[in-house]
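Since the structure comes first, as structure tokens, the remarks are kept for the end.
Positions are given from 1 along the sequence.
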Amino acid sequence: MEHIEAIKEFGGWLNRYCHDSVSCHCAMTFSVYLPPQAATEKVPAVYWLSGLTCTDDNFRVKAGAQRYAAELGLALVIPDTSPRGAEIPDVPDRYDLGQGAGFYVNATQPPWSKNYQMYDYVTRELPALVEAELPLIPGLRSITGHSMGGHGALVCALKEPGAYQSVSAFAPICHPMASGWGQGCFKAYLGNDRESWAAYDTVRLIEAGATTMPLLIDQGTADEFLSQQLHTPSLERVCAARKIPLTLRMQDGYDHSYHFIATFIGEHLAWHAQALRAA
């Protein structure tokens, strides 16, 4: 784990690291914000999963989360959205498949299956690495994300009971099997058997009996992707049917951008801090 950047912010440090990933068979880059409390004690971590086209840089530059993390004593762990490199499979003329679009699944189909193991990377390899090397409290984690990353956060919480103390999302892709973004990636990464896709679909997982802690979701009413890609009403319906506690806040006039995320990120981090303190 090579430390390649350090920037002081709000009394803590925004660090960037590179390491050779066993899961993805390539060099992976990620960022960690360590709040000032980490200078003298171990701290809990909130994992942020970003959306399509993003790297770890988008959230740490645009969301304004470090100020709140410093106040709350939270580390922020910010992975990339996919493996990257000249040797990594990609579709250069598409933003929604390949590099920048790992969709937080373990790919089973060539040529993607060798490198696109983002589910194992996010849920297993990265937590083990950062908890061993940095002043983080082992096993004390929460998870959140945006769009494709909101999908990833929800799926990780549903599929890994006990791994996270809380979960939230901004404008998540709630039902990727019904979304053009999800269908394109799932067919490429997972093959033609649509039932195999259900293992990474929040709505289908809940329908099949998966349970989780209460969910906090913010969704902008002016989000241009709301009706065709995100399928928020499907999540609301299935949570009601399965009695999953869902706080769905439809935020009037907000779009899909980081302006939306920056407006509400402090409230999400406070939600996670409360759950982590209670653990």
Q) Residues in ring pair (Phe, Tyr, Trp, His ring centres under 6.0 Å) with H146, at least two apart? A) H256, Y258
Q.
Can a donor-acceptor pair be found, under 3.5 Å and without considering hydrogens, that links the side chain of Q37 to the backbone of L74?
A. no
**Q.** Flag for S257-D255: side-chain donor and acceptor within less than 3.5 Å
**A.** yes
Q: For H259, look at atom NE2 and say whether over 12 heavy atoms of other residues, nucleotides or ligands are found less than 6.0 Å away.
A: no
(Q) Quick one, Q251 and T263 - any side-chain contact, counting heavy atoms below 4.5 Å? (A) no
Q. What is the minimum heavy-atom distance between S23 and E125, and which atoms define it?
A. OG-OE1, 2.7 Å
Q: Check whether any side-chain heavy atom of N192 lies under 4.5 Å from a side-chain heavy atom of K187, and answer yes or no.
A: yes
Q.
Run the ring pair (Phe, Tyr, Trp, His ring centres under 6.0 Å) test against H19 and tell me which residues pass, sequence neighbours left out.
A. F30, Y121
Q: Taking the side chain as every heavy atom from C-beta outward, state whether T29 and R16 have any atom pair closer than 4.5 Å.
A: yes
Q. How many angstroms lie between CD1 in I143 and CD in E160, if you round to the nearest 0.5 Å?
A. 9.5 Å
Q) Is there side-chain contact between T212 and Y164, with heavy atoms separated by less than 4.5 Å? A) no
Q. Does the distance from a Lys or Arg side-chain N to an Asp or Glu carboxylate O, for E5 and R60, drop under 4.0 Å?
A. yes
Q: Indicate the atoms forming the closest heavy-atom contact of A65 with L76, along with that distance.
A: CB-CD1, 3.8 Å
Q. Is there side-chain contact between W48 and I261, with heavy atoms separated by less than 4.5 Å?
A. yes
Q) If you take all heavy atoms of A101 and C185, which pair is closest and at what distance? A) O-SG, 3.9 Å
Q | Minimum side-chain heavy-atom gap P214-W271 below 4.5 Å | A | yes
Q: Give a yes or no on whether the backbone of V203 and the side-chain of R237 come within a donor-acceptor separation of less than 3.5 Å.
A: no
Q. Do H231 and S179 meet the criterion of a side-chain donor-acceptor pair at a distance under 3.5 Å?
A. no
**Q.** Donor-acceptor contact below 3.5 Å, side chain W197 vs main chain G191
**A.** yes
(Q) Less than 6.0 angstrom separating the ring centers of Y33 and F10, yes or no? (A) no
Q.
Could you tell me if the side chain of D120 sits less than 4.5 Å from the side chain of V22, heavy atoms only?
A. no
Q: Say whether, by atom type as modelled, one donor and one acceptor occur between the side chain of Y68 and the main chain of H268 under 3.5 angstrom.
A: no
Q. Any sub-3.5 Å donor-acceptor pair from T81's side-chain atoms to C54's backbone N or O?
A. yes
Q.
Can a donor-acceptor pair be found, under 3.5 Å and without considering hydrogens, that links the side chain of Y189 to the backbone of G98?
A. yes
Q) V130 and Y47: side chain to side chain contact (heavy atoms under 4.5 Å, CB included), yes or no, with the steps? A) CA-CA 11 Å; V130 297; Y47 284 70; 3.3 Å; yes
Q) A171 and L230: which non-hydrogen atoms are nearest, and at how many Å? A) O-CD2, 3.7 Å
Q | Side chain S166, main chain S142, donor-acceptor under 3.5 Å | A | no
Q: Report, as yes or no, whether the 6.0 Å neighbourhood of atom CD on Q274 holds more than 12 heavy atoms from other residues, nucleotides or ligands.
A: no
Q: Would you please indicate if the ring centroids of F103 and F186 are separated by under 6.0 Å?
A: yes
Q. Looking only at heavy atoms, which two atoms of I173 and H151 are closest? And how far apart?
A. O-CB, 3.3 Å
Q: Could you list all the salt bridge (Lys or Arg N to Asp or Glu O under 4.0 Å) pairs where at least one residue sits in residues 89-108, not counting sequence neighbours?
A: R94-D96
Q) Heavy-atom distance under 4.5 Å between the side chains of R141 and P127, does that happen here? A) yes
(Q) Main chain of G253, side chain of T221: is a donor-acceptor contact present, judged purely on distance under 3.5 Å? (A) yes
(Q) One thing to verify: whether K42 and E131 come together as a salt bridge, which I'm taking to mean a side-chain N less than 4.0 angstrom from a carboxylate O. (A) no
Q.
Could you check whether any side-chain N or O of Q99 sits under 3.5 Å from a backbone N or O of I88, counting only pairs where one atom can act as donor and the other as acceptor?
A. yes
Q) How far apart are the C-alpha atoms of E87 and K114, what are their side-chain angles, what is the distance that settles it, and do they pass the salt bridge (charged side-chain N to carboxylate O under 4.0 Å, His left out) test? A) CA-CA 11 Å; E87 74 286 359; K114 177 181 178 181; over 6 Å; no
